[in-house]
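The next block holds one structure in the form of structure tokens; read it before the comments.
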Amino acid sequence: MKQISKWLAASLLLAASASQGIAQNLNKHFYRAENVSIDYLKPTDEYALGGHTYPYDIDGMLNISPATGLPFRRIQLEEIDKNLDHQWFKTYVTDAEQNAIWDGSCSNLAVSFQLGYAKQTKDEGYILCGRVVQNPEISGCAGDYYDNIFLLRTDKDGDVVWYSRYDRLGMLNSVLEANDGSFIACGYAEDKEGTTNGLILSVDANGAFQWARYAYTPFYDHSYIVPSYYKQIKPFGDVYALVGVANRKEQIWGATLVTLIDAAGNYYQDAIVDNQMFDRTLIGNSLYDANDGELTITGMAGVVHDRLAQVSILKLEPYSMSVNFLKAYHWYKDDDMSFGNAI
């Protein structure tokens with residue numbers, strides 16, 4: 001993987017605080033915010049929310065696409081306390097966007113972000129991952145088209161330490177700080193036909209590319225390689241555990257992808273678990289160290305296209321891939337679908 005662009009973006013702009021909602025029984029509503037991740041901050045007994053926000057302007061700079069009339073999707077990074085009260089809120093623009101407005105070459109911002117996850121680092125800062133797109137046809141601004149994965153490193157106040165965009169079409173869904181201070185992210189790489197392969201990316205403490213690994217998983221009869229992607233990475237003993245999906249498009253004939261890898265990119269396991277039945281699916285979305293040598297994985301099991309798939313919990317020993325149990329939890333109606341997205 002080639003790193004084509006990197007901004008030491010100390011001058012990236014910070015947005016104003018988010019609007020407050022009405023608190024009732026520890027429910028809070030934040031205006032124009034779309035959360036995709038939450039991280040518990042042990043040192044301060046607070047929470048970090050990661051997601052998207054859709055402001056009409058950022059510090060006076062127009063954030064509306066002239067082609068669509070809609071706001072560009074921006075990053076939401078927000079801290080709330082244990083009572084869910086707002087502490088601070090940040091969003092970001094790139095230096096190139098800001099400079100284009102300042103020099104008059106464009107009247108609006110031009111970039112759209114898709115956040116995968118926001119995770120606290122050892123120094124109480126944050127590492128964020130996802131996808132970033134610049135499309136001149138949508139923005140009406142001059143410049144190159146790009147659709148790349150990115151990492152963003154901030155300090156404890158959400159101010160930018162570094163931001164790196166990597167020359168790979170795809171998406172990063174999860175990220176963590178390794179014991180050696182590097183960062184490991186996972187998601188997928190995508191080709192021009194839209195086929196995805198699971199991607200594991202390692203960068204050093206400053207965002208410089210170190211290594212990448214790709215998942216190439218077979219169809220149930222080993223006749224060809226199927227699309228795949230990773231959803232989450234978490235520490236597991238001395239290594240790191242990843243969960244994802246190996247499947248055909250639209251999540252049909254899917255299997256859960258389980259990988260163990262260390263900070264140097266060495267594999268300790270890379271295998272799939274399916275339910276041994278054609279036209280059935282077993283999707284892994286999230287995992288948890290059960291602290292007994294096993295992993296607990298949640299997702300979905302069943303027949304997706306017949307709307308018979310339900311929340312599933314899978315527990316297994318990942319080195320041997322020995323399954324402890326697999327359970328699906330049916331909802332009230334046979335034709336209802338349900339998903340397990342986090343555990």
Side-chain angles (χ1 to χ4, degrees), residues 4-5 7 9 11-22 28-38 49-78 80 86 88-118 128-152 154 158-160 163-173 187-188 190 192-194 196 249-250 341:
I4 61 168
S5 300
W7 297 273
S11 62
L12 292 192
L13 299 184
L14 307 177
S17 298
S19 301
Q20 292 297 298
I22 299 174
K28 278 289 179 75
H29 303 277
F30 299 97
Y31 179 65
R32 300 192 68 81
E34 178 183 68
N35 297 324
V36 298
S37 70
I38 184 168
L49 302 179
H52 307 123
T53 184
Y54 300 83
Y56 293 115
D57 70 86
I58 300 176
D59 281 5
M61 295 182 293
L62 186 65
N63 189 49
I64 303 291
S65 163
T68 66
L70 299 174
F72 291 105
R73 179 170 54 191
R74 317 302 298 201
I75 293 170
Q76 169 214 15
L77 179 62
E78 183 167 6
I80 58 177
H86 166 81
W88 54 256
F89 169 92
K90 299 289 176 68
T91 192
Y92 307 91
V93 305
T94 68
D95 285 342
E97 291 179 286
Q98 172 186 271
N99 292 336
I101 289 179
W102 286 358
D103 67 19
S105 61
C106 193
S107 61
N108 53 266
L109 297 173
V111 169
S112 179
F113 288 92
Q114 180 180 357
L115 186 74
Y117 209 89
L128 291 74
C129 67
R131 184 174 195 161
V132 58
V133 179
Q134 176 175 281
N135 186 341
E137 293 184 1
I138 300 298
S139 69
C141 301
D144 294 332
Y145 173 89
Y146 61 76
D147 186 346
N148 296 141
I149 57 177
F150 78 87
L151 291 171
L152 169 62
T154 79
D159 296 328
V160 174
Y163 164 61
S164 290
R165 175 167 59 87
Y166 305 92
D167 186 14
R168 179 60 63 187
L169 175 64
M171 175 66 185
L172 295 177
N173 292 317
Y188 61 84
E190 184 176 341
K192 294 181 179 179
E193 286 71 42
T196 65
K249 292 183 180 180
E250 300 177 357
N341 287 322

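The shown structure was predicted, so the numbers you read here are calculated from the model rather than taken from an experiment. Excluded from the calculations below are hydrogen atoms, water molecules and symmetry mates; all remaining heavy atoms, backbone and side chain alike, are included.
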(message) With side chain to side chain contact (heavy atoms under 4.5 Å, CB included) as the criterion, how do Glu190 and Arg131 come out once you've worked through the C-alpha distance, each side chain's angles and the decisive distance to 0.1 Å?
(response) CA-CA 12 Å; Glu190 184 176 341; Arg131 184 174 195 161; 3.6 Å; yes
Search all heavy atoms of [X] against all heavy atoms of [Y] and return the closest pair with its distance.
X: Gly51; Y: Leu115; answer: N-CD2, 3.1 Å
X: Ile58; Y: Pro55; answer: CG1-CG, 3.8 Å
X: Pro136; Y: Cys141; answer: CB-O, 3.3 Å
X: Ile64; Y: Tyr56; answer: CD1-CD2, 3.3 Å

Expected output: side-chain [X] to main-chain [Y] donor-acceptor under 3.5 Å:
X: Ser65; Y: Ser139; value: no
X: Ser112; Y: Val133; value: no
X: Glu97; Y: Val111; value: yes
X: Glu78; Y: His86; value: no

Find the distance between [atom1] ([X]) and [atom2] ([Y]) and round it off to the nearest 0.5 Å.
X: Ser164; Y: Ile149; atom1: OG; atom2: CD1; answer: 10.5 Å
X: Ile75; Y: Gln114; atom1: CD1; atom2: CD; answer: 11.0 Å
X: Tyr117; Y: Asn173; atom1: OH; atom2: CG; answer: 11.5 Å
X: Leu109; Y: Gln134; atom1: CG; atom2: CD; answer: 11.0 Å
X: Ile101; Y: Leu62; atom1: CD1; atom2: CG; answer: 7.5 Å
X: Leu70; Y: Ile138; atom1: CG; atom2: CD1; answer: 10.0 Å

(request) Report the C-alpha separation of Phe113 and Thr53 in whole Å, then their side-chain angles, then the decisive distance to 0.1 Å, and conclude whether the side chain to side chain contact (heavy atoms under 4.5 Å, CB included) test is met. (result) CA-CA 10 Å; Phe113 288 92; Thr53 184; over 6 Å; no
(message) Quick check on the 6.0 Å ring-centre criterion: do Tyr92 and Tyr163 meet it?
(response) no
(message) Are there over 12 heavy-atom neighbours, none belonging to Asp103, within less than 6.0 Å of that residue's CG?
(response) yes
(message) Quiz question: by atom type and distance under 3.5 Å, do the side chains of Glu137 and Tyr145 form a donor-acceptor pair?
(response)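 On atom types as modelled, these side chains do not qualify, holding no pair under 3.5 Å.
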(message) What I want to check is whether the side chains of Asn35 and Gln76 have a donor and an acceptor closer together than 3.5 Å.
(response)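 A pair is found: one side chain offers a donor N or O, the other an acceptor, under 3.5 Å apart.
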(request) Report the C-alpha distance between Leu49 and Ile38 in whole Å, list the side-chain angles of each, state the deciding distance to 0.1 Å, and finish with yes or no for side chain to side chain contact (heavy atoms under 4.5 Å, CB included). (result) CA-CA 5 Å; Leu49 302 179; Ile38 184 168; 3.8 Å; yes
(request) Report the C-alpha distance between Asp147 and Leu169 in whole Å, list the side-chain angles of each, state the deciding distance to 0.1 Å, and finish with yes or no for side chain to side chain contact (heavy atoms under 4.5 Å, CB included). (result) CA-CA 6 Å; Asp147 186 346; Leu169 175 64; 3.3 Å; yes
(message) Contact between Tyr54 and Arg74 at the side-chain level, heavy atoms closer than 4.5 Å - yes or no?
(response)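 No, their side chains stay 4.5 Å or more apart.
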